[in-house]
Amino acid sequence: MLTFRHTVAGESVTVNVPEDTTDLKLFWDWLNRARERGPIALDTETTGLNIYSAGYRLRTVQFGDAHEAWVLLYEQGGYHAQYAREAIPRCREVLIHNAAFDWLVLDEHAGIRLEDLAPHTTDTRILAALIDPRQPSEGGAGTALKPLSAKWIDPAAPDTQGGLTRVFNSLGFTKETGWAGIPLTHPTYLLYAGLDVILTARLAPVLRRELDRLGVRHQLVTYEHEIARICAVMQRAGLLVDQDYTSTLAGRLAEEAERYATVAARYGVTKVGSSAQVTEALLGMGERLTERTKGGALATDKTVLLPLADLDRDWQRIGARQPNALADAVLRAKRAGKWGKTYAEAFLANLSTAGRIHPTVSPLAARTGRMSVTAGLHQLPSSDHMIRRAILAEPGHVMVSTDFQAVEMRVLAALANVRRMKEGFINGGDEFDIHTYTAKLIKGENATPRHRKIFKGAGFGKVYGGGVATIAKQTGAEEAEIAQAVAAYDRAFPEIKRASSRWQRQAFQNRMVFISATGRRLPLDRDRTYSVVNYACQSAARDLLGQALLNIEGAGLLEYCRLPIHDEVLASVPQRDAEDIAREFQRCMSMDLYDVPITADPEIGGRSWGSLYGADY
DNA sequence: CAGTTCACG
DNA sequence: ACGTACGTGAACTGC
């Protein structure tokens, strides 16, 4: 037995590493005693983050309580792996920090089904996110194990990740290669592996007490664990990539980026990504630049360059001026470069051995509770089918996308109890459009599509907390016109302003934390408390999506789900049942929020995701 | 590592 | 007193 000692919060703790079957029997005895006393903390160390990549290995499985950890050398196989596999189902209740990762690692590499482990799991990261959902950059503690341990357990808790990076470097590895390369029995590696479970075991009761103290409903905690499991199932399924198409596309985009970069170079811009170079060259050509970035420099982003290139927001010629050839080349080089690198090449780089992408789905990523997805899959261009064309439904399947209709406006109407808005949603029928309704409400039957656009801008302004100037810039309308529209909007829907004041007042009385409709804690920034309207709407919409996912699982459709996208669920469904399944998705995503109907619209596509974006594939 | 830009809902 | 567009992930530049 290898044994390490460390001090946590003034107490001596032990990390045991069994070397033979005699040692493993001691582990087994400990496990049987510990599981009677309470939950067992669980963790794994692996060769990296892409669980489905070639050569991926599960290296250690750790078990522990507040004082003792056992690091099982899974990678050695034989008895070590066997004890680990048999120990996990024996734990009645497990504690994991960021459970989805370990669920999926154990599911893929140790034969422990995530469906079996998840119902017995408490995820300390979920508990932490429900106490304070903010990232460190936003003034929160964050939800990583290290800062949470430092805050709640021991200010001197070791930085096991950062500490290992230094060890990796000293052994000639990098932060990336070290996880696979470090010798399995390196003492620091084993000590830190053990400390992680000891810290998790200590964190769980402390965070639970804090949730109780804050009055966070137990129901919300349970709900988040269900959502985490559902998102992990989608991550495990992953998405099929059309590799031939994607390779060709990556090559074509690289060539295009190169071609336009050559044009830009003729004007002295050697790097199209260098804002400083672009600014200097444009000024040298006699162009006037007025927009400023947040940092105070002259801006040369898309909104600045498009007019210089005589292009509108859809990249169509305006005919108002002679296009600036440099602006045009920079725009095109950057777009081709981004699409090629961030999407096409990233798809290929992230491929699993089965030719799939398994993006990390984080169910509680944003401070509003919104989810996030890695590998660019939440940000694929929607103006063109080219990139989404690379993602395929399963053989014999088609893509089905079902999205909520104007969900944030409906949520606003429901939460702020906006009388005339609610009337519209309740009586409006299937084809109801809130922005047309608003335009007619204010302008009468003379309302034009232009009025619709203006009041749509005003509506988004309300949900986002924007002012006249921003709405004017976004819609391209005159400030005076927008000012009138916003005033009319406020008269038509006076409840919104009143709700904003009320919600800000509630937050002030609760140490700047607004409690959402589902009991979620939403901390506000003191200098922009107006954002409470957005937080309330965004987080409620997220919780409706969560409820929809529970309904979808209840209807037996989870196996078809591929991605949650804020107000949409993307699915791959058998072609011959597509109509029926699409109707079921619609049913699962239709619900009621304080009498306001939340409705959903399913779309059946072809084999590729791109087929839902205008092309017929 | 901060700043800028660009892609989405 | 007044007014503030919200939330992400990712690549690249330049210090």
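In what follows, chains carry the letters A, B, and so on, assigned in the order in which the sequence lines appear, proteins first and then strands, with residues in each chain numbered from 1.
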**Asked** Base, sugar-phosphate alone, or nothing: which one does V463(A) contact when heavy atoms must sit under 4.0 Å apart?
**Response** nothing
**Request:** Please work out if K338(A) contacts a base, only the sugar-phosphate, or nothing of the nucleic acid, heavy-atom cut-off 4.0 Å.
**Result:** base
**Asked** When all nucleic acid strands are considered with a 4.0 Å heavy-atom cut-off, which category describes Q474(A): base, sugar-phosphate, or nothing?
**Response** base
**Message:** Taking only side-chain N and O atoms of T470(A), does any of them lie within less than 4.0 angstrom of OP1 or OP2 on dA5(C)?
**Reply:** yes
**Prompt:** Is the side chain of E138(A) donor-acceptor paired with the backbone N or O of Q135(A) at a distance under 3.5 Å, no angle test?
**Reply:** yes
**Asked** Per the side chain to side chain donor-acceptor pair (under 3.5 Å) rule, which among Q405(A), K456(A), R452(A) passes with D433(A)?
**Response** R452(A)
**Message:** On the nucleotide dC6(B), are OP1 or OP2 found under 4.0 Å from the side-chain N or O atoms that K334(A) carries?
**Reply:** yes
**Asked** For dC2(C), which nucleotide is its Watson-Crick or G-U wobble mate, given both distances must be under 3.5 Å?
**Response** none
**Asked** T342(A) near the nucleic acid: base, sugar-phosphate alone, or nothing, with a heavy-atom cut-off under 4.0 Å?
**Response** sugar-phosphate
**Asked** On a whole-Å scale, what distance lies between the C1' atoms belonging to dA5(C) and dG9(B)?
**Response** 14 Å
**Asked** What is the nucleic acid contact for S383(A), judged by heavy atoms within less than 4.0 Å: base, sugar-phosphate only, or nothing?
**Response** sugar-phosphate
**Request:** Grab the CZ-P distance between R388(A) and dC8(B) for me, whole Å please.
**Result:** 7 Å
**Request:** Compare all side-chain heavy atoms of D301(A) with those of L305(A) and state whether any distance is below 4.5 angstrom.
**Result:** no
**Request:** Go through the N and O atoms of the side chain of Q277(A) and the base of dT13(C), and report whether any donor-acceptor pair is under 3.5 Å.
**Result:** no
**Request:** From the options R229(A), R542(A), R125(A), select the one residue that forms a salt bridge (Lys or Arg N to Asp or Glu O under 4.0 Å) with E224(A).
**Result:** R542(A)
**Minimum-distance nucleotide (side-chain atoms of K341(A) versus dA11(C), dG9(B), dG7(C))** = dA11(C)
**Request:** Under 4.0 Å between any heavy atoms, over every strand shown, what does D403(A) touch: base, sugar-phosphate, or nothing? Just pick one.
**Result:** nothing
**N/O donor-acceptor pair, side chain K302(A) with base dC6(B), under 3.5 angstrom** = no
**Asked** Which part of the nucleic acid does A541(A) contact within heavy-atom distance under 4.0 Å: base, sugar-phosphate only, or nothing?
**Response** nothing
**Request:** May I ask you to say what V468(A) touches in the nucleic acid, namely base, sugar-phosphate or nothing, with a heavy-atom cut-off under 4.0 Å?
**Result:** sugar-phosphate
**Prompt:** Base, sugar-phosphate, or nothing for E138(A), non-hydrogen atoms under 4.0 angstrom?
**Reply:** sugar-phosphate
**Request:** Tell me which of H566(A) and G465(A) sits closer to the 5' end of DNA chain C, going by the nucleotide each one is nearest to.
**Result:** G465(A)
**Request:** Please determine if a side-chain N or O atom of R542(A) lies less than 4.0 Å away from the OP1 or OP2 oxygen of dG7(C).
**Result:** no
**Prompt:** Centroid-to-centroid, Y52(A) to H358(A), below 6.0 Å?
**Reply:** yes
**Message:** Would the distance check show the side chain of N510(A) and the main-chain N or O of V513(A) forming a donor-acceptor pair, the cut-off being under 3.5 Å?
**Reply:** yes
**Message:** Just N and O in the side chain of S274(A): are any of them under 4.0 Å from OP1 or OP2 of dG14(C)?
**Reply:** yes
**Request:** Using a heavy-atom cut-off of under 4.0 Å over every strand shown, decide if Y535(A) touches base, sugar-phosphate, or nothing.
**Result:** sugar-phosphate
**Y343(A) side-chain N/O to dA10(C) phosphate OP1/OP2 under 4.0 Å** = no
**Request:** Write down the distance between CG (L298(A)) and P (dT4(B)), rounded to a whole number of angstrom.
**Result:** 11 Å
**Request:** Just call it for A276(A): base, sugar-phosphate, or nothing, with non-hydrogen atoms closer than 4.0 Å on any strand.
**Result:** nothing
**Item:** Distance-only donor-acceptor test, R370(A) side-chain atoms vs dG9(B) base atoms, 3.5 Å
**Value:** yes
**Message:** Base, sugar-phosphate or nothing for I471(A)? Non-hydrogen atoms, less than 4.0 Å.
**Reply:** nothing
**Message:** At 4.0 Å (heavy atoms only), tell me whether G467(A) reaches a base, stays on the sugar-phosphate, or touches nothing.
**Reply:** sugar-phosphate
**Asked** Quick one: is T300(A) getting a side-chain N or O under 4.0 Å of the dT5(B) phosphate, OP1 or OP2?
**Response** yes
